[in-house]
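Heads up, the thing below is written out as structure tokens.
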There are 2 protein chains.
Amino acid sequence: MRIVVARCQVDYAGRLTAHLPMATRVLMIKADGSVLVHSDGGSYKPLNWMSPPCLVREGTTDDGRVEWTVTSRATAKGPEDTLRILIEEIHHDSSHELGIDPGLQKDGVEKHLQELLAEHPSHLADGLTLVRREFPTAIGPVDLMCRDAGGLSVAIEIKRRGEIDGVEQLTRYLELLNRDPLLCARGPVRGIFAAQEIKPQARVLATDRGITCALVDYDALRGLDDAESRLF
Amino acid sequence: MRIVVARCQVDYAGRLTAHLPMATRVLMIKADGSVLVHSDGGSYKPLNWMSPPCLVREGTTDDGRVEWTVTSRATAKGPEDTLRILIEEIHHDSSHELGIDPGLQKDGVEKHLQELLAEHPSHLADGLTLVRREFPTAIGPVDLMCRDAGGLSVAIEIKRRGEIDGVEQLTRYLELLNRDPLLCARGPVRGIFAAQEIKPQARVLATDRGITCALVDYDALRGLDDAESRLF
DNA sequence: GAATCTATGTCGAAA
DNA sequence: TTTCGACGTAGATTC
């Protein structure tokens, strides 16, 4: 990883054409040749960049200024892209050996919660058993479809953060499911809105619609899972 | 802008929970307090980050290691997010005054091409006049609807890079438009596929479907526009 | 401010 | 390999 702080001008030509006037910016050149041009604001997105695989060539202009030309190979998606960085003055230039990164571990994401709850549906309500995950409906899959002790169908929507839109989503599913004579033969399909955190507004709306709210204790669930896996 | 290269461990808790094991990474702290954690690969997206507005507090753990705690204020969208960066060893630490960036000038984007061609439809074919931009159909708007010298309707799809999917899109529009008795009273609606660059496969497909391909000279178009605006 | 649409989207998983 | 959908989407534009 090479880090350069320099007064520079950047021109990009690819899917679009873009230009950055001369100003001081941070240039990151990663080990794979990819280049990022960052300013001192904005979000995590660079002002301009070149994604790997690409090649950086360092050259000199007629008037003796340093110019980097970054080119991506033409792919199936599109022809070659080019990023031209004209450097006027370098304030800082250093290289660092970082090694391969072990990578990001995402956790607590909805999918993982769903996996855990699919294995332990009784965590949400006693006697609940799983019918299937991603139960298909015309408007999309229900996270978990279960059956309660009395044999009634229960649709479960899982979110990390329970907000109004999640309740709306579950409501739409329930409306649809309750038109299925097979599912609601013994009685209407119930809904459980499960989340690690349920916002007051969402709770009010859910209650109003007859939907049960279930706060999920993620650590406890993971504990259950760990305990179980230790048995094998 | 502060740039730190350090062996660090990162934990994020917000909409999701994420963890980065101890490894050497680049930390960027922008003037607005936003923080980016970059590894030596991947794309322009950091491994982890905190968007502004946020606050960085530098502290020390019980065992004397440096720890940064970055917190975003709770917003309407969600509660507080936190990014904890535990630093084991600092390889590099420097700060740089960048000033405000003049910002990116985007150009040649589809919308801009459409504007230019709407003003100069004859650039695509002699005698072409604009009927309207974003001509609505049941499956979406046609970029430009024109009439040729003979009064026949011409549907124009504009892309910066002409690829197969663009031809397919125009084909669907033409199919629909040719069912409209008003539009094709004097004869079938023709199609022009206009792009700065047309891939061979797209050209073959277009020709096969009786669609005319038009290579757009962006610089010439812009020149026309500039010349015109100089008249006023 | 809320809703909608675009993006040099990026990214990962399934087919 | 291509396609599809989610994203800590972000960002601009419109209502």
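Note that the structure is predicted; figures quoted are calculated from it, not measured. Chain naming here is simple, since letters A, B, ... match the order of the sequence lines and numbering starts at 1 in each. Heavy-atom basis, side chains included; hydrogens, waters and symmetry copies ignored.
- Rounded to an integer number of Å, the gap from CH2 of B:Trp49 to P of C:dC11 is 10 Å.
- In this view, A:Lys45 satisfies the side-chain hydrogen bond (donor to acceptor under 3.5 Å, both in side chains) rule with no residue, not counting sequence neighbours.
- At a threshold of 4.0 angstrom between heavy atoms, the contacts of B:Met50 include nucleobase atoms, whether or not backbone atoms are also involved.
- Computed from coordinates, the A:Tyr12 OH to C:dT8 P distance equals 8 Å when rounded to whole Å.
- Partners of A:Gln105 according to the side-chain hydrogen bond (donor to acceptor under 3.5 Å, both in side chains) rule, which considers only residues two or more places apart in sequence or in another chain, do not exist here.
- Between A:Tyr44 and B:Trp49, the ring-plane angle classifies as tilted under the 30° and 60° cut-offs.
- Across residues 18-44 of chain B, not one residue has a non-hydrogen atom less than 4.0 Å from an atom of DNA chain D.
- For the C1' atom pair drawn from C:dA7 and D:dA6, the interatomic distance equals 15 Å after rounding to whole Å.
- Per the geometry, CD belonging to B:Glu134 stands 12 Å off P belonging to C:dC5, to the nearest Å.
- Between the side chain of A:Asp81 and the backbone N or O of A:Ser72, no donor-acceptor pair lies under 3.5 Å.
- A:Val56 pairs in a side chain to side chain contact (heavy atoms under 4.5 Å, CB included) with only one of the listed residues (A:Ile85, A:Val70, A:Leu83), which is A:Val70.
- With respect to A:Glu97 and B:Arg25, no salt bridge is recorded, no charged nitrogen being found less than 4.0 Å from a carboxylate O.
- If you take CD of B:Gln114 and C1' of C:dC5, they are 14 Å apart, rounded to a whole angstrom.
- Nucleotide C:dC11 holds its P atom 12 Å from the CG atom of A:Leu104, rounded to whole Å.
- Residues passing the side chain to side chain contact (heavy atoms under 4.5 Å, CB included) test with B:Thr207 are B:Arg203, sequence neighbours excluded.
- Going from the P atom of D:dG11 to that of C:dC11 covers 16 Å, rounded to whole Å.
- Between the P atom of D:dG8 and the CG atom of B:Leu83 lies a distance of 14 Å, rounded to the nearest Å.
- Using atom P as the reference point in both C:dC5 and D:dG8, the two lie 22 Å apart (nearest Å).
- C:dT6 atom C1' lies 12 Å from atom CG of A:Leu16, rounded to whole Å.
- At the phosphate of C:dT10, OP1 or OP2 sits under 4.0 Å from a side-chain N or O atom of A:Ser51.
- Scanning for side chain to side chain contact (heavy atoms under 4.5 Å, CB included) contacts around A:Thr171 gives A:Val167, A:Arg209, A:Ile211, with sequence neighbours left out.
- The distance from atom CZ of A:Arg133 to atom P of C:dA13 is 14 Å, rounded to the nearest whole Å.
- Between C:dT8 and A:Lys45, a contact under 4.0 Å exists linking OP1 or OP2 to a side-chain N or O.
- Ionic pairing of B:Arg133 and B:Asp143 is not present here: no N-O contact between side-chain nitrogen and carboxylate oxygen is shorter than 4.0 angstrom.
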N/O contacts under 3.5 Å, protein versus nucleotides 12-15 of chain D?
none

